[in-house]
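Read the structure below first, then the notes.
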There are 2 protein chains.
Amino acid sequence: MLKRLSKDIKKLNTKKKTTIKDIANVLNISTAAVSKALHNDSRISKKTKKAVRQVAKNLNYQPNHLASALRKGKSNLVGVIVPRTNSNFFSSVIQNIEEVLNKEGYNIIITQSNESYKKECNNIDTLLFTQVDGIIASMANETIDLEFYEKVKAKGIPLILFDRGENDLNVDYIGINDYESSHVIVEHLVKQGRKRIAHIGGYKHTRIFNNRIRGYVDALKKHHLPLDNELLIESSLTIEDGRQKMEQLLKLKNRPDAVYIASDYAALGALQLLNELQIKVPEDIALVGFGNEPFTAMVTPSITSINQHSEEIGKQAALTFLNYKNKKTIKQTLNKIILDAELVVRESSAPK
Amino acid sequence: MLKRLSKDIKKLNTKKKTTIKDIANVLNISTAAVSKALHNDSRISKKTKKAVRQVAKNLNYQPNHLASALRKGKSNLVGVIVPRTNSNFFSSVIQNIEEVLNKEGYNIIITQSNESYKKECNNIDTLLFTQVDGIIASMANETIDLEFYEKVKAKGIPLILFDRGENDLNVDYIGINDYESSHVIVEHLVKQGRKRIAHIGGYKHTRIFNNRIRGYVDALKKHHLPLDNELLIESSLTIEDGRQKMEQLLKLKNRPDAVYIASDYAALGALQLLNELQIKVPEDIALVGFGNEPFTAMVTPSITSINQHSEEIGKQAALTFLNYKNKKTIKQTLNKIILDAELVVRESSAPK
DNA sequence: ATTTTTTGGTTAAACGTTTAAGCAAACTAA
DNA sequence: TTAGTTTGCTTAAACGTTTAACCAAAAAAT
């Protein structure tokens with residue numbers, strides 16, 4: 001009974017969080033000394049440091065992040081904006097960003113745009129409001145107007161884009177070589193004996209998708225394949241739209257014998273339709289996706305795809321941010337990192 | 001040339017963020033008046049409010065969240081911990097939490113434990129360090145020791161668990177009726193004429209998985225089916241382990257004619273193996289997963305599963321937190337919300 | 001005409017840190 | 001011995017808000 005009571009009293013005491021002032025009082029030194037001791041300042045004696053650390057532990061001291069952030073003018077928070085988290089690519093990028101930044105004392109705030117421009121603007125406002133020290137983002141499909149990103153730049157907050165970027169914005173960027181990836185894919189399909197290669201691509205206004213389209217067109221030229229406008233289709237690249245656009249291709253008098261789709265999700269939709277219609281993949285039509293999402297290895301037939309190196313992208317994005325903060329020069333050369341993509345060949349693109 | 005220069009000067013000026021002090025100076029009033037005006041305090045005249053708002057807009061004022069959080073003793077940040085974000089269930093829960101909390105002026109910090117106990121502890125420390133006003137979490141598979149969650153409770157920070165919870169912790173919880181779900185599944189399989197129903201379940205120490213196992217056992221009894229220990233297997237429920245445990249089941253002399261798997265991911269692994277071995281689903285073996293992940297509808301054959309109502313879980317978790325903050329009573333009755341799950345019948349469990 | 005109430009503010013302290021500047025005491029060098 | 005340096009702190013201000021307490025002037029009530 002008595003024990004319980006004393007426990008309760010202790011709990012009540014711990015409710016009021018202990019501050020450096022409490023530590024200072026115990027040791028009869030100034031709060032400044034405590035602060036310095038905790039930061040291992042050279043002007044504090046070893047004895048005092050030891051004592052401070054001991055008392056801090058005893059009182060279960062947890063530094064107030066808000067106070068130090070306010071004083072130092074930085075929140076040690078980095079905002080991350082992604083179209084969605086439930087794709088392996090984005091969640092893997094996030095995980096790697098987190099890993100690198102946590103080590104340097106930064107935390108991340110993750111927000112999703114759900115491919116909506118409006119939500120993305122909200123997210124940016126939210127992050128600015130939260131006083132983040134930087135923003136790492138991949139833009140929504142809808143996003144064309146860059147006003148909100150300009151706002152971030154204008155505030156002098158480091159902005160790093162990955163995957164879905166924009167040239168006009170003139171900020172740091174980490175991505176893969178989309179143009180070259182298309183070449184690799186087309187080359188692979190040509191080697192498998194394909195002659196009529198279609199491309200279900202993303203919106204042209206998004207740079208990465210535009211590059212994939214350009215790569216596709218140029219690669220066709222290179223291999224002296226005819227460029228048929230019917231075979232080049234713009235899509236939102238969702239599962240549903242992939243299915244729909246594949247349907248469109250199947251209606252052609254002269255069907256393609258291979259389809260390169262700029263997203264694994266859309267490729268999955270296309271594959272489902274083909275399976276339902278008993279059209280044989282890869283015998284009748286070969287399929288290549290993009291992104292190397294785990295399910296590409298799991299479906300039947302498994303889907304050939306492009307590995308986007310999400311781990312490396314995440315790491316480099318984080319490092320780019322850290323670089324920004326360490327160098328305090330106002331002008332800084334932009335960091336544009338373009339990684340080579342890697343083709344992962346699976347069943348869906350085997351020879352006829 | 002001159003225009004550009006003046007723009008640059010403006011930019012330099014905006015670098016130093018405007019504060020309520022700046023607004024106060026312009027209007028020759030006190031910062032207190034500005035603060036009150038911005039919060040629509042009744043003791044400020046309409047004229048002043050209007051003027052303040054105008055100047056705030058002109059100077060592009062953005063409130064310093066850190067300062068107000070420090071002063072008010074709350075950060076308006078809610079921490080969310082999930083095992084991973086790249087599952088549709090979790091990302092959907094997160095999205096709904098975010099939606100509800102954003103409306104009330106809260107932002108969320110998402111962290112992933114990757115099913116690791118150590119990472120989860122780190123996440124908790126991180127969130128406490130960031131001075132979150134509350135934590136909404138779903139525990140990692142590994143987590144047995146609740147010391148860190150007790151720490152959260154001891155600090156008086158609202159803690160709400162969902163999906164993966166723990167009875168011992170005695171905190172608010174939102175989840176589905178796992179025990180009942182197992183009944184629904186077994187009943188469904190029995191109706192399809194299945195006689196030997198196996199269960200690949202999760203770790204027994206996790207409450208939800210334990211409930212599913214108990215439900216499975218009791219439902220078998222109810223339908224007078226024999227309970228065969230060989231047919232009840234504990235698994236980590238990853239894709240790989242699902243595959244492996246299915247292999248184990250296939251080695252039995254007396255194979256099951258239906259398998260209920262406590263996770264869609266493990267069910268996917270099992271299905272892959274069955275497909276490879278040309279074992280017909282559902283003719284030879286029926287399959288039921290859990291979670292209603294989108295891919296269950298996409299694979300061949302599509303997988304029957306349980307819809308966990310992720311949207312509702314997210315919403316209720318957020319509302320439970322808000323409820324916590326609004327009522328300032330110290331004692332509060334615990335909120336245990338158990339939603340009814342819904343069986344989504346697909347190809348994998350059609351009659352023989 | 002005097003008191004009371006309302007209106008529309010102001011003043012100053014507080015939230016918990018960090019940090020520039022200062023300073024006494026102890027030590028070192030000449 | 002004395003000037004200079006080093007050590008180990010202290011003082012006080014600052015970061016940008018919010019808020020309790022106070023107050024003068026105007027309006028309303030008596």
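A note on names: the letters A, B, ... follow the listed sequences, proteins ahead of strands, and every chain is numbered from 1.
Atom OH of A:Tyr106 and atom CG of A:Asp133 lie 5.5 Å apart (nearest 0.5 Å). Separating the CD1 atom in B:Ile94 from the CD1 atom in A:Ile110 is a distance of 7.0 Å, to the nearest 0.5 Å. Taking OG of B:Ser75 as the start and CD of B:Gln131 as the end, the distance is 7.0 Å to the nearest 0.5 Å. With values rounded to the nearest 0.5 angstrom, A:Ile81 atom CD1 is found 5.5 Å from A:Asn123 atom CG. Here the CG atom belonging to A:Leu77 is positioned 4.0 Å from the CD1 atom belonging to A:Ile109, to the nearest 0.5 angstrom.
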Given protein heavy atoms under 4.0 Å, the one-letter contact record of nucleotides 4-10 of chain D, with B base, S sugar-phosphate only and - none, is simply ---BBBB
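Nearest-nucleotide positions on DNA chain C place B:Ala67 closer to the 5' end than the other of B:Ala67 and A:Ser35.
In this structure, the helix from C:dA1-D:dT30 to C:dA30-D:dT1 shows an angle of 40° between the axis at its start and the axis at its end, each fitted on 5 base pairs and rounded to 10°.
Counting any heavy atom pair closer than 4.0 Å across all strands shown, A:His39 reaches sugar-phosphate atoms only and no base atom. Heavy atoms of B:Ser68 sit under 4.0 angstrom from primed sugar atoms or phosphate atoms, though from no base atom.
Heavy atoms of other residues, nucleotides or ligands lying less than 6.0 angstrom from NZ of B:Lys50 number 12 at most. In the displayed structure, A:Lys21 atom NZ is contacted under 6.0 Å by at most 12 heavy atoms of other residues, nucleotides or ligands.
Residues B:Arg164 and B:Glu115 are paired through a salt bridge, judged by an N-O separation under 4.0 Å between the basic side chain and the carboxylate. A salt bridge does not link A:Glu142 to A:Lys119: none of the charged nitrogens lies less than 4.0 Å from a carboxylate oxygen.
A side-chain N or O of B:Lys49 and one of B:Asn40 form a donor-acceptor pair less than 3.5 Å apart.
When DNA chain C is scanned in the 5' to 3' direction for atoms under 4.0 Å from non-hydrogen atoms of chain A, the outermost contacting nucleotides are C:dG16 to C:dA21.
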